[in-house]
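The structure appears below as C-alpha cells.
Residues take their numbers from the sequence shown, with the count starting at 1. Hydrogens, waters and symmetry mates play no part in the numbers below; they use all other heavy atoms, side chains included.
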Amino acid sequence: MQIAPLPAPVRPDPVRDRWTDAMRLAIDEAALATATGDVPVGALVFGPDGTVIGRGHNEREAVGDPTAHAEVVAIRQAAAALGEWRLAGCTLVVTLEPCTMCAGAIVLARVGRVVYGAYDDKAGAAGSLLDVLRDPRLNHRPEVIHGVLATPCADQLRTFFDAHR
C-alpha cells in the first residue's frame, strides 16, 4: 500500500491576502470588457477609507480610444469623485500589471498603492518588463503589491485570447 503525501499547507500571506476580495471585484469588472470585444482587464480605486471611488474596465474597442485602459478609466472616475487629481492615500487594484502609459498615469495621479494580479512580461511596467512605478528618478513611487490572485487573473485573459485566435 502506498500512501500519498499530504499537500503542502497553504501559508497565510498577510501582504496579499488582504487584497483578495478587492481583486475578485476587479475580476468581475474585467468580465464586463468582453461584451464589446475589449481585453478583460478590470481596475478599482479605493479611497483612503476603503470605499470604491473609481472603477473601470478596458474600453478601447468600445469607445475607440487608445487610452481607455481599465486603470485610466478608474483613475479618471476616482479623481472626479474626489474633486481633485491627486489620489494620495488611494489604492488601485488591477487584474493585469500596468503598462507604461498606465504606470505613468498612476505616478502622475500620486496613487499611494498599486495591487495587481497577473504579470505582463510583454508590456508590464511594474516590475516585469520595466519598473516605472518604483523608478527612483521619479517624484512619486507608490507601494506595489504583485501577484494577488495571479492565476485567476491570468486565466481570464488566457480564455479571452484563446477564443480570439
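- In this structure, the side chain of Arg134 engages the main chain of Ala126 through a donor-acceptor pair within 3.5 Å.
- Between His164 and Phe160 the shortest side-chain heavy-atom distance falls below 4.5 Å.
- Val93 and Ile106 fall into different hydrophobic clusters, where Ile, Leu, Val, Met, Phe, Trp and Tyr side chains are chained together by heavy-atom contacts under 4.5 Å.
- Hydrophobic clustering, with ILVMFWY side chains joined whenever heavy atoms are under 4.5 angstrom apart, keeps Leu32 apart from Leu25.
- Val41 and Ala70 get closest at one heavy-atom pair: O-CB, 3.4 Å.
- The ring-ring contact (aromatic ring centres under 6.0 Å, His included) analysis of residues 50-85, with sequence neighbours excluded, yields no pairs.
- Between the Asp38 side chain and the Glu61 main chain, a donor and an acceptor come within less than 3.5 Å of each other.
- Between the side chain of His140 and the backbone N or O of Leu108 there is no donor-acceptor pair closer than 3.5 Å.
- Side chain of Glu71 to backbone of Ala43: no donor-acceptor contact under 3.5 angstrom is found.
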* To do: May I have the step-by-step check of side chain to side chain contact (heavy atoms under 4.5 Å, CB included) for Thr91 and Val115, ending in yes or no?
  => CA-CA 7 Å; Thr91 298; Val115 178; 3.9 Å; yes

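- Contact of the Arg16 side chain with the Met23 side chain is not registered, since no non-hydrogen atoms from C-beta on lie closer than 4.5 Å.
- Looking at Leu82 and Leu87, their side chains come closer than 4.5 Å, going by heavy atoms from C-beta outward.
- Between the side chain of Asp65 and the backbone N or O of Thr67, at least one donor-acceptor pair lies under 3.5 Å.
- Asp17 contributes no side-chain N or O that, together with a main-chain N or O of Pro12, makes up a donor-acceptor pair within less than 3.5 Å.
- Across every non-hydrogen atom of Gly104 and Val132, the tightest pair is N-CG1, 4.4 Å.
- Hydrophobic clustering of Ile, Leu, Val, Met, Phe, Trp and Tyr side chains at less than 4.5 Å, counting indirect connections, unites Leu157 with Tyr119.
- In this structure, the side chains of Val144 and Tyr116 come closer than 4.5 Å at one or more pairs of heavy atoms.
- The closest donor-acceptor contact from the side chain of Arg141 to the backbone of Leu138 lies under 3.5 Å.
- Pairing each heavy atom of Pro48 with each of Ala88, the nearest pair is CG-O, 4.0 Å.
- Neither Phe161 nor Ile27 shares a network with the other; the hydrophobic side chains, linked directly or stepwise wherever heavy atoms of I, L, V, M, F, W or Y lie under 4.5 Å apart, form separate groups for each.
- Counting all heavy atoms, side chain and backbone alike, Ala150 lies closest to Gly117 at CB-O, 3.5 Å.
- Of the possible donor and acceptor atoms, none in the side chain of Thr34 sits under 3.5 Å from a partner among the backbone N and O of Pro40.
- Among the candidates Asp135, Val114, Asn139, the single residue satisfying the side-chain contact (heavy atoms from CB on, under 4.5 Å) test with Val107 is Asn139.
- Looking at Leu92 and Phe46, their side chains never come closer than 4.5 Å, going by heavy atoms from C-beta outward.
- The closest side-chain heavy-atom distance from Leu129 to Asp121 is not below 4.5 Å.
- When all heavy atoms of Val45 and Ile75 are compared, the pair lying nearest together is CG2-N, 4.2 Å.
- Evaluation of the salt bridge (charged side-chain N to carboxylate O under 4.0 Å, His left out) test over residues 95-115, restricted to residues two or more places apart or in two chains, returns Arg113-Glu143.
- Atoms CG and CD, on Asp28 and Gln156 in that order, are 8.5 Å from each other to the nearest 0.5 Å.
- Follow the hydrophobic side-chain contacts under 4.5 Å out from Val148 and you never reach Leu96; the two are in separate clusters.
- In terms of modelled atom types and a separation under 3.5 Å, the side chain of Thr51 and the main chain of Gly47 share no donor-acceptor contact.
- The closest donor-acceptor contact from the side chain of Glu59 to the backbone of Ala68 lies at 3.5 Å or more, if one exists at all.
- Among all heavy-atom pairs drawn from Ala22 and Leu44, the shortest one is O-CD1, 3.8 Å.
- Inter-residue side-chain proximity for Ile53 and Cys90 is flagged as met; some heavy-atom pair is nearer than 4.5 Å.
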